[in-house]
Amino acid sequence: MNSFRWKNALQLDAEARKDVRIAVVFAAIAIAFYLPGINWGLPAGDRAGMIRPWGVDELGPMGPLAETYNVLTRAELGNPQYPMFHYFVIVTFYAPYLLYVLLTGGFVHPSGAYPFGFADPVTAIQTLTRIARGVSVLAGAGTVVLAYFVGKSLWDRMTGCVAATLVMASYSMSYYSRMSNTDVPAMFWMGVVLLLLVTTFREGLTRRRAVGLGIFAALAIATKDQNVGVLLFYVPAIVWAHLRQPAKEGAATLGARLAPLLVGGVVSGALYAVASGLLLWPAKFFSHLHFIRYGSMKLRSYFHYDLTLNGLAGLFQELGTYLVESTGWLALLAALIGMALCWRRERWKLLLLLEIPSLLLIVVLPVRYLAIRFLIPWVFLLACFAARGFVAGLRSERRVIRVAAAVALVAACAGLVARDADVVYLFWNDPRYAAAEWLQRNVPPGSRIECFINLNNHPAENLMPRLPRGVTLESIKSLPQARWVMTSDPNDFDYRFFAAPRIYNGMLDGSLGYEPVASFRTRSLFEHPSLELQINPRIRVFARREGRAPSGQAAESKDDGNRR
């Protein structure tokens, strides 16, 4: 009997080693897949007000340092947008670089104002941005590995490999794995929760699993509040799955049955209180709660859809568009097939789909607003069920189905990779680079450029080309007055920002006394409507007619013909 046990143990070890090798390969491929484009839109870093990257809502470069300093010193409440945990994570990755700069004399007298104590602020700010984005690259690679283990745990190793591939190539994952937003790191912690849920639904809840679920659920929510909506419907499912399991010997009483649930809840609450910053500085945490309850509701993008049948139809149409962009039609169809197969044979696995109505009812419908990053948890889950559908086709007894499944899988992955390659191309050829060069050549120091963006709410460096030294950017108060006006439509053209259509159209048709002198946009293989505020904006520069048209206009017109 002892030899039999040793043999089984060795077999299990061999299987585990194979899983580790596969996981390492997927992690390496994912890192190589996500790293290109990480330098997109780095802050200029050469003056105050030029320290933000182009990505919307990125935490790096200075946010993690500022918010951690605020919590530790209680200097000021700071930015209330997010809980604290991911700030802490990024600062941990910052620490080796900051120590190196400190020891080499490049970081003296740290302060909260530019240049923040850096002897070379340009290098430091850009390096910190890369590190903050690198954390997301690692989290993205970890999420891909978790997709492999979730798929394998639900079905088998081949399904896990397909799931990991689909998650890695998905449109929203590939973009946000390069940004220092909270979304992909939050998905990493959520991926661990999903992996533990699979075992819990299949085998029941032990005290150890309850503690694990509590830990990683707390970290997911302390990274991004939205995960409350993702996780909430899982709670009654966990209770149901636990109580329906036969009681173990010595655990027949109700108190003993409830003990794992209570332990997991206590651990989760205690860890969240620390990771979110609640215990470190309650006032800052409550300012965050006030922001997500009231302050965020003032954003013009919220409540875009009315609470009517037509409004909800528009919301669900946008939701469907984002899902198709993220996963592709073929993967969505395969996911439906995978769900149908589970309904026939493995219904308990459909419990994982509870996050779909949960997120919809708790996050999306109350604000009636969508961003493609909100749906990353759905994309992860749908990729796992799509893998089930594809693999079932590949294993069909009918040759025609096997061939069709193989072609569909290759086409689905190729389509996602092509879209990602197009995004990377746009990163490398962002029209704001060409616009910045044009401004450097044509707009003299001391000039004032006006734009439609409310710069109090949306700093220019988030959206606009880098300005030459000595050139300032101001918001248009009512009608444009400056010699130069610069736009970055569709940002300046829709409800999110502040240009009345009649004013914008007056700029285009010349009725306001301006003429277009330069326009920049890069030709690409795909349109990217869900990321239109982030990548490839059409930058237009207008000049008042009474002024002399800038030199080099003809050359720029030719260049614009190449860029569209």
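Quick note: residue numbers are just sequence positions, from 1.
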So [Y] and [X], do their side chains get closer than 4.5 Å, heavy atoms only?
| X | Y | result |
| --- | --- | --- |
| Lys349 | Arg388 | no |
| Asp430 | Thr522 | no |
| Phe390 | Ile337 | no |
| Trp155 | Glu346 | yes |
| Thr143 | Met173 | yes |
| Phe380 | Met190 | no |
| Tyr176 | Leu531 | yes |
| His86 | Ile90 | yes |

> Taking the six-membered ring of Trp343, is NZ or CZ of Arg345 closer than 6.0 Å to its centre and within 45° of its axis?
Replying inline: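 The answer is no, since Arg345 fails at least one limit relative to Trp343.
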May I ask you to decide if the ring planes of [X] and [Y] are parallel, tilted or perpendicular, using 30° and 60° as cut-offs?
| X | Y | value |
| --- | --- | --- |
| Phe201 | Tyr234 | tilted |
| Phe285 | Tyr272 | perpendicular |
| Tyr171 | His528 | parallel |

Any side-chain to backbone donor/acceptor pair from [X] onto [Y]? Under 3.5 Å, distance only.
| X | Y | value |
| --- | --- | --- |
| Asn227 | Ala220 | yes |
| Asp57 | Asn181 | no |
| Ser524 | Phe526 | yes |
| Gln226 | Phe374 | yes |
| Ser174 | Asp420 | no |
| Arg178 | Leu35 | no |
| Asp156 | Thr159 | yes |
| Ser268 | Gly264 | no |
| Gln126 | Pro43 | yes |
| Tyr34 | Met168 | yes |

Nearest heavy atoms of [X] and [Y], plus distance in Å:
| X | Y | value |
| --- | --- | --- |
| Gly60 | Ser180 | N-OG, 3.0 Å |
| Ala237 | Leu354 | CB-CD1, 3.5 Å |
| Phe88 | Val274 | CE1-O, 4.3 Å |
| Lys224 | Ala186 | CB-CB, 3.9 Å |
| Val267 | Ile215 | CG1-CG1, 3.7 Å |
| Phe385 | Cys342 | CE2-SG, 3.8 Å |

Do other residues, nucleotides or ligands put more than 12 heavy atoms under 6.0 Å from [X] [atom1]?
| X | atom1 | value |
| --- | --- | --- |
| Arg402 | CZ | yes |
| Tyr69 | OH | no |
| Arg344 | CZ | no |
| Trp329 | CH2 | no |

>> Apply side chain to side chain contact (heavy atoms under 4.5 Å, CB included) to residues Leu146 and Leu194 and explain how you reach the verdict.
In response: CA-CA 9 Å; Leu146 286 167; Leu194 289 172; over 6 Å; no
How long is the gap from [atom1] on [X] to [atom2] on [Y], to the nearest 0.5 Å?
| X | Y | atom1 | atom2 | answer |
| --- | --- | --- | --- | --- |
| Met179 | Ile38 | CE | CD1 | 8.0 Å |
| Leu381 | Leu352 | CG | CG | 6.0 Å |
| Asp422 | Leu525 | CG | CG | 5.0 Å |
| Leu42 | Trp40 | CG | CH2 | 10.0 Å |
| Leu312 | Leu319 | CG | CG | 11.5 Å |
| Arg17 | Ile22 | CZ | CD1 | 13.0 Å |

> Can you name the one residue among Val239, Thr199, Leu213 that meets side chain to side chain contact (heavy atoms under 4.5 Å, CB included) with Leu205?
Replying inline: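 Of the listed residues Val239, Thr199, Leu213, the side chain to side chain contact (heavy atoms under 4.5 Å, CB included) partner of Leu205 is Leu213.
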> Step by step, would you call Leu65 with Leu128 a side chain to side chain contact (heavy atoms under 4.5 Å, CB included)?
Replying inline: CA-CA 10 Å; Leu65 291 175; Leu128 291 175; 4.1 Å; yes
>> One pair to check against side chain to side chain contact (heavy atoms under 4.5 Å, CB included): Asp225 and His288. What are the steps and the verdict?
In response: CA-CA 10 Å; Asp225 303 284; His288 166 66; 2.8 Å; yes
> Is a side-chain donor-acceptor pair under 3.5 Å present for Glu318 with Tyr305?
Replying inline: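 Yes, side-chain donor-acceptor contact under 3.5 Å.
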> With Ser276, which residues qualify under side chain to side chain donor-acceptor pair (under 3.5 Å), at least two apart?
Replying inline: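 With sequence neighbours excluded, Ser276 shows a side chain to side chain donor-acceptor pair (under 3.5 Å) to no residue whatsoever.
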> Please walk me through it: do Leu166 and Thr327 pass side chain to side chain contact (heavy atoms under 4.5 Å, CB included)?
Replying inline: CA-CA 8 Å; Leu166 292 172; Thr327 64; over 6 Å; no
